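Accompanying notes for the structure given below.
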Amino acid sequence: MARKQRDILSVEWIKLELIRTAYATRGGLFTIMDPRAVIIWYAILAFVPWFTHNVTVLAGLFVLGAISVVIARVGPLVLGLFIIGLGFEIIYLVIASLMFGGNWETLIALGVLNLKLGAVSMASMAAFVSLDPEKLSDALLSFRAPHLLSFGVSYGYRMLPIMVEEFNTVFDGYRLRMMAPDKPGFLAWRTIVHWGKMAVLSFYPIFLNTAKNVRTTVEALETRGFTYAQSDPRGRKLRLAYLRITPLDVAVLATTIILVVGCFWLGAAFPVYR
Amino acid sequence: MTNSHYERAGALRTAGVNPRLSTPQKLMVFVLSMALFGLANIILEIIPGPHIGPVDMGVSNFIFVPLTMVALFSPFWAALGAPLGEIVFVDLLMGDFSGLSELEGYLQMFLALYIAGSIIRNPRSKVQIWVGAITVIVIDKFLSAVVDLTKVWIGLEDAEFVEGLPESILFLEGLGFGVDVVISGILFGAIPAMWLIPALHGKIEPLMGMRPRVPGEPVPGDAPRTGWFVVVAIAIAIGSAFFSFLEAWDIEVGVFEAEFLEQYGMSFLWVAFGAIALTVVVSLVAYWLGTRGKEQPDVGAADAVAKAEAEARKEKVDA
């Protein structure tokens, strides 16, 4: 895990970053908490912002989200994509409304909306970056989510880095075998078409490989009675026996609720509507 | 059995005239669909989409990936898996998860893919693949576009509270819809699928131990109890429209109708929530009624093999 390669934005780096994200190897507060408590924590912060239009409250919740992102030690890839996304969103809104003769009021209204969306996104980053696949799927199982969902989550998180790697290999294979266009053409359209074609072609081997992988996985699981163990209450109980709510979980949840209430109190004391 | 001949080695586990999928096979189709669409989405997430002005000219989805899945395998299970892949791989991992509206996206995508997969009766027919690809995009994007446009239209009848915005949203929404149909539906939907689906037909199914789809045959692993399924699907569609409204509500309240908010407070939001809860309950009840008594008696492995063999023999006699 060569961390010093961070400054080079390469596919290799993205892959490592995805593995780190999926397996929550950075540590942080939420990794040592009970996964059920983390999901409840997330649910609180994800739902609350939708019930207010008070800018003070939203700003408070946004700050709360930012703090939890810091505490959860969210990695640079995820955070970078989020910031770029938010930044571009704002730029396009500015352009769109100025182009059609809007005024600053419009921008402020849309800015408030982005504040709200940002607060929710940051809470979800903090929560899901800190849960490894096993824990997340157990938490979903304990909330009686459909077992296809909990299996899908744990399988997805596990397989994602492998599949990205596989795709990368296949794609590089096509790059080696196919001739790049001589001239890039207007706006480099030939290059874009070439890359698009390679991306589509790469899916053919990926389909076949993944089909084999999936069959192997599912049949290996089924020989161990996977489907029945998931739906049988005894199997479920065995699997979830290790989950414990500790004083830390209670403390974090209580603090969060107090802080959220604090935001609303602050909002009531100094209400700012646009 | 017209002109589709394929070669395979080893015994396939779906036999008979009307093959039924076993539980592990349903799981396989579900997981494969989820993993592939998730991968396609993560690739799109990493590639930056080019923008021309404020309109996103990028590819919103590699629709040909789930389209291939629903065309070749059971549309129900493939359609159930694909949007989950998007949520699990991209939204949860990348912090894009937005709660309620994710559910709306899931339901829309599921319906779109399921309908497209049911339209494609012959995976080798290019016309059907084209129709399927465009159907997915139209169903998936149309609902949200219509909801947004309705909002703007209602907003326009009101006093011109904020200048410029209604026109811009109307314009961008319409343009975005057109761009999506062309780029996601045709360039990265129908055209690649036209090549990929026939290329994989007959090759990928035996890898999963299944028999390839034969043109004109009923869809394998179809949704049970068609009548009830339609009820559930309609309820889901209505529910997802309400989710759209809830999503659009914020823009609406925030931008167009500040007075409205002062007058009615948050009560309208609760009405929307109530409507969603109601449709969820209705669809759950309908689903429960539809699946009640569906439990089949457990057939042992020996029985199943005997049945399959008997059916295969009958098929030979018929042929």
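Since the structure is predicted, the reported quantities are computational estimates derived from the model, not experimental observations. Each chain gets a letter, A, B and so on, in the order the sequences are listed, and its residues count up from 1.
- Taking the six-membered ring where tryptophan is involved, the planes of B:F64 and B:F62 are tilted, since the angle between them lies from 30° to 60°.
- Heavy atoms closer than 4.5 Å to chain B are found in both the backbone and the side chain of A:M163.
- Not a single donor-acceptor pair under 3.5 Å links the side chain of A:N168 to the backbone N or O of A:V164.
- Only the side chain of B:L196 comes within less than 4.5 Å of a heavy atom in chain A; its backbone stays farther off.
- The backbone N or O of B:L207 lies less than 3.5 Å from a partner atom in the side chain of A:R215, making a donor-acceptor pair.
- The part of A:F167 that comes within reach of chain B is its side chain, from C-beta onward, which places non-hydrogen atoms under 4.5 angstrom from that chain.
- Only the side chain of B:M34 comes within contact range of chain A, judged by heavy atoms closer than 4.5 Å.
- Within the 4.5 angstrom heavy-atom criterion, only side-chain atoms of A:L136, from C-beta onward, approach chain B.
- In this structure, the ring of A:F203 has its center no less than 6.0 angstrom from the ring center of B:W195.
- For B:L84, the part lying under 4.5 angstrom from a heavy atom of chain A is the side chain only.
- Using a 4.5 Å cut-off between heavy atoms, B:V29 makes no contact with chain A at all.
- Counting heavy-atom pairs under 4.5 Å between each of B:G38, B:G85, B:A199 and chain A puts B:A199 at the top.
- A donor-acceptor pair under 3.5 Å is absent between the side-chain atoms of A:E166 and the main chain of A:I206, judged by distance alone.
- B:S33 contributes a side-chain N or O that, together with a main-chain N or O of B:A78, makes up a donor-acceptor pair within less than 3.5 Å.
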